Amino acid sequence: MAEHEHQAAESPADKYYFLIRRLHSLTGLVPVGVFLVVHLSINAMVLAPGPVGSEFQRSVERIHSLGPLLAPVEIVGIFLPLLFHALLGFVIIFTCQSNAQQYRYGSNIRYMLQRATGIIAFVFIFYHVWQMHWFGEWAGGGRFRLYDESGGALAATTTAATIQAAWWIAPIYAIGVLSAVYHLANGIWTSLITWGITIRPRSQQAAGYVCAALGIVLSLAGLGALNGFRALNVTEGTAQKTGHSVTAATRDR
Amino acid sequence: MEEDPNGKHPMSATTHIHQTHTLSHEGNGRKISVKVLRQSDPRGGSHWETFEVPYEPGMNVTTVLQRIAANPTNAEHEHSTPVAYDSCCLEEVCGACTMVINGRVRQACSALVDSLLADSPEGIELRPMTKFKVVRDLFVDRSPMFAALKRIKAWVAVDGYHDIGPGPRISPREQDEAYPLSRCMTCGCCVEACPQFNDHSTFIGPAAISQAILFNAHPTARVERDDRLAVLTGVGGIVDCGNSQNCVKVCPKDIPLTTSIAKAGRDTTLYKIRQWFGR
Ligand code: HEM
Ligand code: HEM
Ligand code: SF4
Ligand code: SF4
Ligand code: FES
């Protein structure tokens, strides 16, 4: 094809620019977007009825049942796509010259917020993964534990203890949750245009309502979970070494 | 079109009408404060200058600039130079007089002073567009817009002047889709308001994307459809749009730019898939 010939003179990054940008959109949806929905849903299990934290414990156990496969699955399925999306996201942000001050249209403000929440989510995820995930252990983080030495359930109590370690951690989590959720909900709305699925203003508006509803539901799930962990009484819970340590923990209020 | 420094040009019927106004009304003694961001040459170095222009009923911004040209004395009572600007049709169809008026990009000839003052009684602020090189004062060089149209082959290719018979039929439905897009006057409003069109981006801009969609829908111009899609899938193409949708809101011709952008998103994806799988 004719265009193939003059594309040969371009650098590989230029040649695959379209593909790379389509991958950026795709990784935002799958796997990163799907991960966020699943992750917040599992966290919201802390609010499930029954013994405190037991449902959350079971959900996390199901994921950890991958055993030695868990780390590679996490790396290939979450961290690498997220890193790709985030680093390219920064490159994209550098091509932007926001004018939301001058042209105060709703869509322009959402465009600006898409970039701002991407940056906030990036910082939050770094902090959060360092703090929770065993990847962060070497740097003094990695507080999340599934079991104690005697096999007692610890998922909910260690998560709660981490969030309760200082008064400012829960607010940081609230900002992180809201940023990530906004970024996903608005990102789904833009991706429908990117891929040419919503074409006319009316379908774009309808998609806007659906995405807003999704955003509200996910925010409630995320903030609800956060409040659940914040209110969990961990002082006795972590101290006990019995298999019922978590069930012994009580809700503060 | 180059503007005569006197601000009078042969086609200007409106000028005469407004001059009659001046004679009959002599304004009502009210003056409008007009702040202009001026620049004497393309090398830069701009400064603000304020003029006090006698109010006339029914004025538009072009008339204001004509009055300044007729009497270029600024608010400090110093003798200044006429403010350079571009214009041609004086009825919002050529796009030449596009500038930033009270912070919003639009055409001077269709910006009515009465409605501007209703929104901001302090006066009128005029700036050249920021996304193009300034030639002088409010006169900018919009040639990147036309270069973009060349890149996407915004034309119907015919290879001669001989009679090639009637063209293909276009259904009324296709006409309804195409007509709004054909109203583009390459004025630059959309790219001026586009946050993705700037010095550190190679984005081709919404006007050219929409024109590619227009010509790709034309039964004869479709021959070069893949050439247009190749440009839109290249660097600076469709993926550089960030969906802020400013373009559609500022377009004076109400062109459904975001619909064209979404169609381009779909068509480019399908084009790439066709290309990878060898059609
Ligand atoms: C309600 C707020 C949140 C809580 C309580 C929470 C809790 C946790 C916990 C306990 C882990 C460790 C899981 C393990 O090691 O198996 C984790 C990991 C992780 N979290 Fe969160 N999280 C929250 C919000 C978020 C948000 C908003 C994001 C942003 C996308 C996020 C991204 C991640 C990532 C990327 C990991 C590491 C991957 C993984 O372990 O599967 N989290 N989170
Ligand atoms: C919480 C995890 C994240 C999720 C679920 C996510 C998801 C998405 C989605 C679905 C889109 C829409 C793509 C499209 O319009 O086609 C998007 C766009 C974007 N994301 Fe993310 N993202 C995440 C993290 C990040 C991070 C950390 C950054 C880095 C700063 C970032 C920067 C961006 C940018 C700049 C865009 C706009 C791209 C464009 O307009 O084409 N994202 N994201
Ligand atoms: S699309 Fe509208 S705003 Fe853009 S150049 Fe054409 S007429 Fe002007
Ligand atoms: S929708 Fe795209 S082309 Fe239109 S102003 Fe926003 S970034 Fe620019
Ligand atoms: S002079 Fe033609 S649009 Fe104003």
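As a basis for the values below, the full set of heavy atoms in this structure was taken, side chains included, without hydrogen atoms, waters or symmetry mates. Below, chain A is the first sequence line, B the second, and so on; all start at residue 1. Since we're looking at a predicted model, the values are computed, not measured.
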Do you know which of B:Asp240, B:Val100, B:Val231 has the most heavy-atom pairs under 4.5 Å to chain A?
->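 Between B:Asp240, B:Val100, B:Val231, the count favours B:Asp240.
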Which residue out of B:Pro256, B:Gly242, B:Ala264 racks up the most heavy-atom pairs below 4.5 Å with chain A?
->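 Option with the greatest count: B:Gly242.
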Can you tell which part of [X] gets under 4.5 Å to a heavy atom of chain A, answering side chain, backbone, both or neither?
{"X": "B:Val248", "value": "neither"}
{"X": "B:Leu270", "value": "neither"}
{"X": "B:Thr202", "value": "neither"}

May I ask you to check whether A:Gln97 and B:Gln196 show a side-chain donor-acceptor distance below 3.5 Å?
->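 Judged by distance alone, the side chains do not pair up.
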Distance-only polar pair, side chains of B:Glu192 and A:Tyr103, donor-acceptor under 3.5 Å |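 No, because no side-chain N or O of B:Glu192 sits under 3.5 Å from a partner of the opposite role on A:Tyr103.
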Measure the shortest side-chain to side-chain distance between [X] and [Y] over non-hydrogen atoms and say whether it is less than 4.5 angstrom.
{"X": "A:Arg22", "Y": "B:Thr268", "value": "yes"}
{"X": "B:Val235", "Y": "A:Phe18", "value": "no"}
{"X": "A:Leu19", "Y": "B:Trp276", "value": "yes"}

Does [X], at its [atom1] atom, have more than 12 non-hydrogen atoms belonging to other residues, nucleotides or ligands within less than 6.0 Å?
{"X": "B:Phe146", "atom1": "CZ", "value": "yes"}
{"X": "B:Asp199", "atom1": "CG", "value": "no"}
{"X": "A:Gln101", "atom1": "CD", "value": "no"}
{"X": "A:Phe90", "atom1": "CZ", "value": "yes"}

Tell me, for A:Arg110 versus chain B, whether the close heavy atoms (under 4.5 Å) come from the side chain, the backbone, both or neither.
->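 Neither part.
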Chain B contact via A:Ser203 - side chain, backbone, both or neither, heavy atoms under 4.5 Å |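 Neither part.
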Can you tell me how far the [atom1] atom of [X] sits from the [atom2] atom of [Y], to the nearest 0.5 Å?
{"X": "A:Phe94", "Y": "B:His200", "atom1": "CZ", "atom2": "NE2", "answer": "9.5 Å"}
{"X": "B:Ser201", "Y": "A:Ile92", "atom1": "OG", "atom2": "CD1", "answer": "11.0 Å"}
{"X": "A:Gln114", "Y": "B:Ser244", "atom1": "CD", "atom2": "OG", "answer": "12.0 Å"}
{"X": "A:Arg202", "Y": "B:Thr259", "atom1": "CZ", "atom2": "OG1", "answer": "12.5 Å"}

Side chain of [X], backbone of [Y]: donor and acceptor closer than 3.5 Å?
{"X": "A:Arg21", "Y": "B:Val239", "value": "yes"}
{"X": "B:Asn243", "Y": "A:Tyr111", "value": "no"}
{"X": "B:Asn198", "Y": "A:Thr95", "value": "yes"}

A:Gln204/B:Gln245 under side chain to side chain contact (heavy atoms under 4.5 Å, CB included): CA gap, chis, key distance, verdict | CA-CA 11 Å; A:Gln204 291 177 4; B:Gln245 305 208 327; 3.0 Å; yes
